[in-house]
Amino acid sequence: MPQTVFPAAGTMFTPSGFSPHLEARGPGACVADGPPITSASLDTLIQHLVPTADYYPEKAYVFTFLLSARLFISPPELLARLCDTCIKQQQLDQSPLDTAKVRKFGPKILQLLTEWTETFPTDFRDQKMVGLFKDIIHRIAPCDEAYWKTLNQVLQTLNQKLAAIAQGEESIVKVNASSVSSISDKLVGFKTKPPPIQKDILSICNDPYTLAQQLTHVELEHLSYIGPEEFVQAFVQKDPLDSTQPCFSEQKKKTTNLEAYVRWFNRLCYLVATEICMPAKKKQRAQVIEFFIDVARECFNIGNFNSLMAIISGMNMSPVSRLKKTWGKAKTAKFFILEHQMDPTGNFYNYRTALRGAVHRSQTANSIREKIVIPFFSLLIKDIYFLNEGCANRLPNGHVHFAKFVELARQVGEFMTWKQIECPFETDRSILHYLHTAPIFSEDGLYLASYESESPENQVEKDRWKALRYDRYQ
């Protein structure tokens, strides 16, 4: 199966909703009516993050800066500077402490660090982060013993999150290991009498709505493991305007869950194509096409746009789309409507309109089912890629281009809201197992199956079929 790669730099387009003049609402709005932050030095931005007895940064600023700061400074170094500044400003290294002052400051630093653990828990896989957290709380604890209790509760919740993330990553590895990547192309020779061990999707699930629900399970599970920092780390590169060294190497760029989700999309595309090309009879193939059209429609209704696009992509693969006699047998009116919704014309205008509708439904939902929004993930990645490519991280004067990161945080923040939805549908283990482990054809296998179902129509197809058959028997 070919690997999906992040889009190469090509024709530039502006990500939906982004303006290079977008103003960032920084913490200055909390203390004065001055202009919002659009750019500033890294030191200034760090200072805006530091809480005091009378000031706490806006939640949106905290998320935006913690998300983007890792491009310029590692999380442990950032936390060390934050704690050092707090210790000096609040005189936490002196004895006795100013109890009244620390009691006003204590809840704020505890809130900030709690927000950090909740939003970016994987930062705290580094024990330096946990040590710094404990140290700053140790310094304010003499003023109120309740800080220790709160610290223990925060760390307990953090450890549970990290354990769940680790378990999810392990399960992804196991699924990848147990999944048979491709059916031996020699199976194509048995198309007139399929081997009894080879199941098909209709024997596992013949109800489109049920399969759409189980696909939604898979999608939401993958989404739940993706941390916001992965979107930044996916495109990290040396900034020519930045004289400092990158704060993490290629080996430390953690995009494991993001990459696993892209692989899932690829697998679903090929699974759909395999299921259509496998049946020996034209009527059966047409039946599978109609089934997946109905599954795609149910995915659209649920708000699962990623599975919808994977199904449409699988049905549009050349080995499937060339089966004209098979398509002639199928009822395809609904398919063309769905294709129209996912048409790439106008920077996917129709899809973006449908996505806004799903988001509005989610925001006004009366049930969990109506809250589901699963975006077409490759397009989200593409939007973030072009935002990153289209705007420098730093301005010529060395300041951080903060307005860029406000837009990045907006896009990633929306995703963070969508990924938190728990799937409301019952789990069907047999269907999920099939989706993860059912054998799929390689691209050559798909073409072989397609040519044996409907003979090549032109010389190019005949030459390709001849070459594939020759390779199969070597």
Side-chain angles (χ1 to χ4, degrees), residues 7 13-19 22 60 63 207-224 226 228 231 261-262 264-265 268-269 272 292-316 332-387 406-425:
F13 70 91
T14 302
S16 178
F18 178 66
S19 165
L22 186 67
F63 177 71
D207 177 43
Y209 185 50
T210 299
L211 183 57
Q213 290 179 335
Q214 299 311 302
L215 288 171
T216 302
H217 262 293
V218 178
E219 300 282 353
L220 288 175
E221 182 179 19
H222 272 285
L223 293 185
S224 69
I226 299 174
F231 291 97
Y261 193 35
V262 173
W264 154 250
F265 181 91
L268 183 54
C269 290
V272 169
F292 276 116
I293 291 172
D294 288 337
V295 174
R297 183 185 61 176
E298 296 297 348
C299 286
F300 180 86
N301 292 337
I302 288 172
N304 180 356
F305 295 104
N306 203 56
S307 289
L308 166 62
M309 181 55 87
I311 293 171
I312 291 176
S313 298
M315 298 175 80
N316 277 329
T332 56
K334 290 179 287 187
F335 177 68
F336 296 128
I337 293 173
L338 292 171
E339 266 196 322
H340 177 71
Q341 289 290 341
M342 306 304 284
D343 186 348
T345 301
N347 191 16
F348 286 88
Y349 176 82
N350 293 339
Y351 158 71
R352 294 184 191 276
T353 301
L355 179 64
R356 285 196 296 270
V359 171
H360 178 73
R361 182 184 69 177
S362 177
Q363 293 169 342
T364 58
N366 296 316
S367 67
I368 297 179
R369 295 188 180 198
E370 294 176 333
K371 288 182 177 293
I372 296 172
V373 180
I374 302 173
F376 173 29
F377 194 67
S378 293
L379 187 59
L380 174 62
I381 291 292
K382 191 176 183 181
D383 283 350
I384 292 173
Y385 174 83
F386 280 113
L387 170 62
V406 169
E407 173 60 15
L408 173 67
R410 183 193 68 77
Q411 294 188 24
V412 175
E414 275 190 331
F415 172 83
M416 294 298 291
T417 299
W418 301 334
K419 64 166 265 185
Q420 291 171 4
I421 302 299
E422 292 188 14
C423 190
F425 308 122

- Message: To the closest 0.5 Å, what do you measure between CG (Leu379) and CG (Asn347)?
- Response: 6.5 Å

- Item | Minimum heavy-atom distance Ser362-Val373, with the two atoms named | CB-CG2, 3.7 Å

- Task: Please report the closest heavy-atom contact between Pro228 and Val412, naming both atoms and the distance.
- Result: CB-CG1, 3.7 Å

- Message: One pair to check against side-chain contact (heavy atoms from CB on, under 4.5 Å): Asn316 and Glu339. What are the steps and the verdict?
- Response: CA-CA 10 Å; Asn316 277 329; Glu339 266 196 322; 2.9 Å; yes

- Query: Just by modelled atom types, is the Ile226 backbone N or O under 3.5 Å from a matching donor or acceptor in the Lys419 side chain?
  - Reply: yes

- Do Trp418 and Val359 pass the side-chain contact (heavy atoms from CB on, under 4.5 Å) test, and can you show the C-alpha distance, the side-chain angles, and the key distance before you say yes or no? CA-CA 9 Å; Trp418 301 334; Val359 171; 3.5 Å; yes

- Is there a side-chain contact (heavy atoms from CB on, under 4.5 Å) between Glu219 and Ile372 once you walk through the steps? CA-CA 11 Å; Glu219 300 282 353; Ile372 296 172; over 6 Å; no

- Can you find a pair of side-chain heavy atoms, one from Leu223 and one from Phe415, that are under 4.5 Å apart? yes

- Message: List the residues meeting side chain to side chain contact (heavy atoms under 4.5 Å, CB included) with Cys423, not counting sequence neighbours, and say none if there are none.
- Response: Thr216, His217, Leu220, Phe425

- Note on the structure: Rounding to 0.5 Å, atoms CG (Asp294) and CZ (Arg297) come to a distance of 5.0 Å

- Item | Shortest non-hydrogen contact between Ile368 and Glu422, atoms and distance | CG2-O, 3.5 Å

- Note on the structure: Nearest heavy-atom approach of Phe265 to Ser313 is CZ-OG, 4.0 Å

- Query: Quick one: are Phe305 and Met309 in side-chain contact, heavy atoms under 4.5 Å?
  - Reply: no

- Message: Rounded to the nearest 0.5 Å, what separates atom CD1 in Ile337 from atom CE in Met342?
- Response: 15.0 Å

- Message: Whether the side chain of Asn306 engages the backbone of Phe377 through a donor-acceptor N/O pair (distance < 3.5 Å, no angle test) should be reported.
- Response: yes

- Task: Side-chain contact test, heavy atoms from C-beta onward, threshold under 4.5 Å: evaluate it for Leu215 versus Ile311 and give yes or no.
- Result: yes

- Item | Of all pairs that satisfy side-chain hydrogen bond (donor to acceptor under 3.5 Å, both in side chains), the ones with a partner from residues 367-376, not counting sequence neighbours | Tyr209-Arg369

- Can you measure from CD1 (Ile374) to NE2 (His222) and round to the nearest 0.5 angstrom? 11.5 Å

- dist Leu387:CG -> Phe231:CZ (nearest 0.5 Å) comes out at 12.5 Å

- To the nearest 0.5 Å, tell me how far Met315 CE sits from Phe292 CZ. 8.0 Å

- Message: Go through it in stages, so that I can follow the logic: the residues are Val295 and Glu298, the test is side-chain contact (heavy atoms from CB on, under 4.5 Å), and I'd like the CA-CA distance, side-chain angles, deciding distance and then a yes or no.
- Response: CA-CA 5 Å; Val295 174; Glu298 296 297 348; 5.8 Å; no

- Message: Could you work out, with salt bridge (Lys or Arg N to Asp or Glu O under 4.0 Å) as the rule, every residue matching Glu414, not counting sequence neighbours?
- Response: Arg410

- Note on the structure: Looking only at heavy atoms, the pair that brings Tyr351 and Pro375 closest together is OH-CA, 3.5 Å

